[in-house]
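Values in this document were obtained by computation on a predicted structure and should not be read as measured data. Only heavy atoms go into these numbers, but all of them, side chains included; no hydrogens, no water, no symmetry mates. Indexing begins at 1, ligand by ligand and atom by atom, following the structure's order.
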Amino acid sequence: MATGRVGPADSYGGYRAQLVATLRDKGIRDLSVLHAVAQVPRHLFVPESVRHRAYEDTALPIGGGQTISQPFIQALYLEVIGLTGKEKVLEIGTGSGYQTALLSLLAGSVFSVERIPALARSARAALDAAGARNVSIFVGDGTLGWRPYAPYDAILVSAASPSVPQPLVDQLGPGGRMVIPIGDKQIQTLTVVRREGDRITTGTAGDARFVPLLGQFGFRET
Ligand code: SAH
């Protein structure tokens, strides 16, 4: 996203400020994350039919049976992953592209994989409209990661998986961290995987409800 811009000149600034206040009330402390939420025009990432709800702290339908995640969960992901602005980040499940836009402000470069071509296209259009410049989107099975640009400093998986896909662990660089919801199709535990030297450690960061990660190392497509 263009750096040095002080947020978009639109009529939604008040709604974004309200959302930032809500996220702060719910416990998000990382100022860079709150600042990114204040900057990104979320209404560009949702369909016309739900645009009036774009700044509610809730998941919304984006077509193809998928949802744009709840802003609180997205902010929690970003707080847990702790970016400094230089990282190379892999995102699995582009969806609307909203979290991709937040990442574009918080990281050096963003590689995002989406399995539904129509969503990848609309996310690209919204990211272009929002001015994100450091984002590459690929259509494919994100459970395989995206090997050409590996290793990654951070990996964010935005869909629920029965276990951590091994290709994603393999593509995590030294000091790298990954957030992924692990569980069944109804409820998951946000799982944090870290590579420290030769060791892989695993922690948790609360419960979540995501749509399934469908692919070779996720849930099988039926
Ligand atoms: N962070 C996104 C979440 C979208 S929902 C947002 O807020 O908009 C999860 C997305 O993951 C859906 O778009 C779905 O199509 C995608 N997805 C599911 N399985 C996938 C896979 N194996 N590879 C890539 N994307 C996948």
Side-chain angles (χ1 to χ4, degrees), residues 19 23 33 36-37 40-47 50-51 53-81 89-107 110-127 129-130 132 135-147 149 152 154-168 171 178-185 188 190 208-222:
L19 178 57
L23 298 179
V33 173
V37 173
V40 174
R42 194 169 192 261
H43 62 280
L44 297 182
F45 294 86
V46 300
V50 290
R51 190 146 293 170
R53 303 187 60 195
Y55 295 96
E56 292 178 16
D57 186 25
T58 181
L60 294 167
I62 55 171
Q66 308 302 322
T67 52
I68 180 172
S69 308
Q70 182 193 3
F72 173 73
I73 291 291
Q74 299 184 316
L76 184 64
Y77 261 59
L78 296 167
E79 189 165 79
V80 166
I81 219 98
V89 176
L90 177 67
E91 177 187 48
I92 308 301
T94 317
S96 65
Y98 175 67
Q99 182 147 50
T100 324
L102 295 174
L103 283 168
S104 85
L105 287 175
L106 294 166
V110 186
F111 298 88
S112 188
V113 185
E114 170 57 52
R115 65 180 278 278
I116 301 179
L119 285 178
R121 273 196 301 277
S122 51
R124 176 82 265 169
L127 286 159
V135 173
S136 307
I137 298 180
F138 306 102
V139 174
D141 178 3
T143 70
L144 304 173
W146 196 259
R147 204 169 288 281
Y149 298 96
Y152 299 96
I155 301 179
L156 291 85
V157 183
S158 294
S161 186
S163 60
V164 183
Q166 188 59 40
L168 298 183
Q171 291 174 35
M178 163 167 38
V179 186
I180 177 168
I182 301 293
D184 58 29
K185 286 185 178 174
Q188 307 92 36
L190 280 186
R209 285 170 200 278
F210 279 86
V211 297
L213 182 72
L214 299 174
Q216 195 176 326
F217 291 87
F219 288 104
R220 289 291 165 164
E221 297 176 55
T222 46

For atom 9 (C) of ligand 1, what's the nearest protein heavy-atom neighbour? Residue, atom name and distance, please. Ser158 O, 3.3 Å
If only atom types and distance count, is the side chain of Glu114 paired as donor or acceptor with the main-chain N or O of Ala120 below 3.5 Å? no
Rounded distance (nearest 0.5 Å) linking atom CD1 of Ile116 with atom CD of Gln66: 4.0 Å
Can Trp146 and Phe111 be said to form a ring pair (Phe, Tyr, Trp, His ring centres under 6.0 Å), step by step? CA-CA 8 Å; Trp146 196 259; Phe111 298 88; 8.9 Å; no
Return the residue, atom name and 0.1 Å-rounded distance of the protein heavy atom closest to atom 23 (N) of ligand 1. Gly142 N, 2.7 Å
Check whether any N or O atom of Ile62, backbone or side chain, sits under 3.5 Å from an N or O atom of ligand 1, and answer yes or no. no
Atoms in ligand 1 with a heavy atom of Gly95 nearer than 4.0 Å: 4 (C), 8 (O), 13 (O)
Considering both backbone and side-chain atoms of Tyr98, is one of its nitrogen or oxygen atoms within less than 3.5 Å of a nitrogen or oxygen in ligand 1? no
Has Pro212 got any heavy atom lying under 4.0 angstrom from an atom of ligand 1? yes
Give the residue and atom name of whichever protein heavy atom lies nearest to atom 8 (O) of ligand 1, and the separation in Å to one decimal. Ser96 OG, 2.7 Å
Using a 4.0 Å heavy-atom cut-off, say whether Leu119 meets ligand 1 through its side chain, its backbone, both or neither. side chain
In terms of residue, atom name and distance, what is the protein heavy atom nearest to atom 19 (N) of ligand 1? Leu214 N, 3.0 Å
What do the steps show when you test Arg42 against Val37 for side chain to side chain contact (heavy atoms under 4.5 Å, CB included), and what is the final call? CA-CA 8 Å; Arg42 194 169 192 261; Val37 173; over 6 Å; no
Is there side-chain contact between Glu221 and Arg115, with heavy atoms separated by less than 4.5 Å? yes
Counting heavy atoms only, which of Glu114, Gln74, Gln70, Arg42 comes nearest to atom 13 (O) of ligand 1? Glu114
Answer side chain, backbone, both or neither: which part of Arg115 comes under 4.0 Å from ligand 1, heavy atoms only. both
Kindly indicate whether the side chain of Thr143, heavy atoms from C-beta on, has any atom under 4.5 Å from the side chain of Leu168. no
Determine, stepwise, if the pair Thr94 / Leu119 fulfils side chain to side chain contact (heavy atoms under 4.5 Å, CB included). CA-CA 8 Å; Thr94 317; Leu119 285 178; over 6 Å; no
Could you list the atoms of ligand 1 found under 4.0 angstrom from a heavy atom of Ile116? 15 (O)
Would you say ligand 1 has an N or O under 3.5 Å from any N or O of Glu91? no
Near Thr143, which atoms of ligand 1 are under 4.0 Å from a heavy atom of that residue? 22 (N)
Say you draw a straight line from OG1 of Thr67 to CD1 of Ile62; how long is it, rounded to the nearest 0.5 Å? 6.5 Å
Short question: side chain of Gln188, backbone of Phe210 - any donor-acceptor pair under 3.5 Å? yes
Which of the atoms in ligand 1, numbered in the order shown and given with their element, are less than 4.0 Å from a heavy-atom of Val211? 5 (S), 9 (C)
Spacing of OG1 belonging to Thr100 relative to CD1 belonging to Ile137, to within rounding of 0.5 Å: 6.0 Å
What residue and heavy atom of the protein are closest to atom 11 (O) of ligand 1, and at what distance? Gly93 CA, 3.2 Å
Which atoms form the tightest heavy-atom contact between Ile73 and Ala208, and what is the distance? CD1-CB, 4.4 Å
Can you pull out the closest protein heavy atom to atom 12 (C) of ligand 1? Residue, atom name and distance to 0.1 Å, please. Gln66 OE1, 3.2 Å
Heavy-atom contact under 4.0 Å between Thr94 and ligand 1? yes
Atoms of ligand 1 close to Val113 [distance to a heavy atom under 4.0 angstrom, numbered from 1]: 24 (C), 25 (N)
Counting from 1, what ligand 1 atoms have a heavy atom of Gly140 closer than 4.0 Å? 23 (N), 24 (C)
Check if Gln216 has a non-hydrogen atom at a distance under 4.0 Å from any atom of ligand 1. no
Go through ligand 1 atom by atom and flag the ones less than 4.0 Å from a non-hydrogen atom of Thr67. 3 (C), 4 (C), 5 (S), 8 (O)
Looking only at protein heavy atoms, which one is nearest to atom 3 (C) of ligand 1, and what is the separation? Ser69 OG, 3.5 Å
Near Ile68 (heavy-atom distance under 4.0 Å), the atoms of ligand 1 are 6 (C), 7 (O), 8 (O)
Shortest non-hydrogen contact from Ala130 toward Phe45: CB-CZ, 4.0 Å
Would you call the rings of Tyr149 and Phe138 parallel, tilted or perpendicular if under 30° counts as parallel and over 60° as perpendicular? parallel
Check Phe219 against Gly183 and note the closest heavy-atom contact, atom names and distance. CZ-O, 3.6 Å
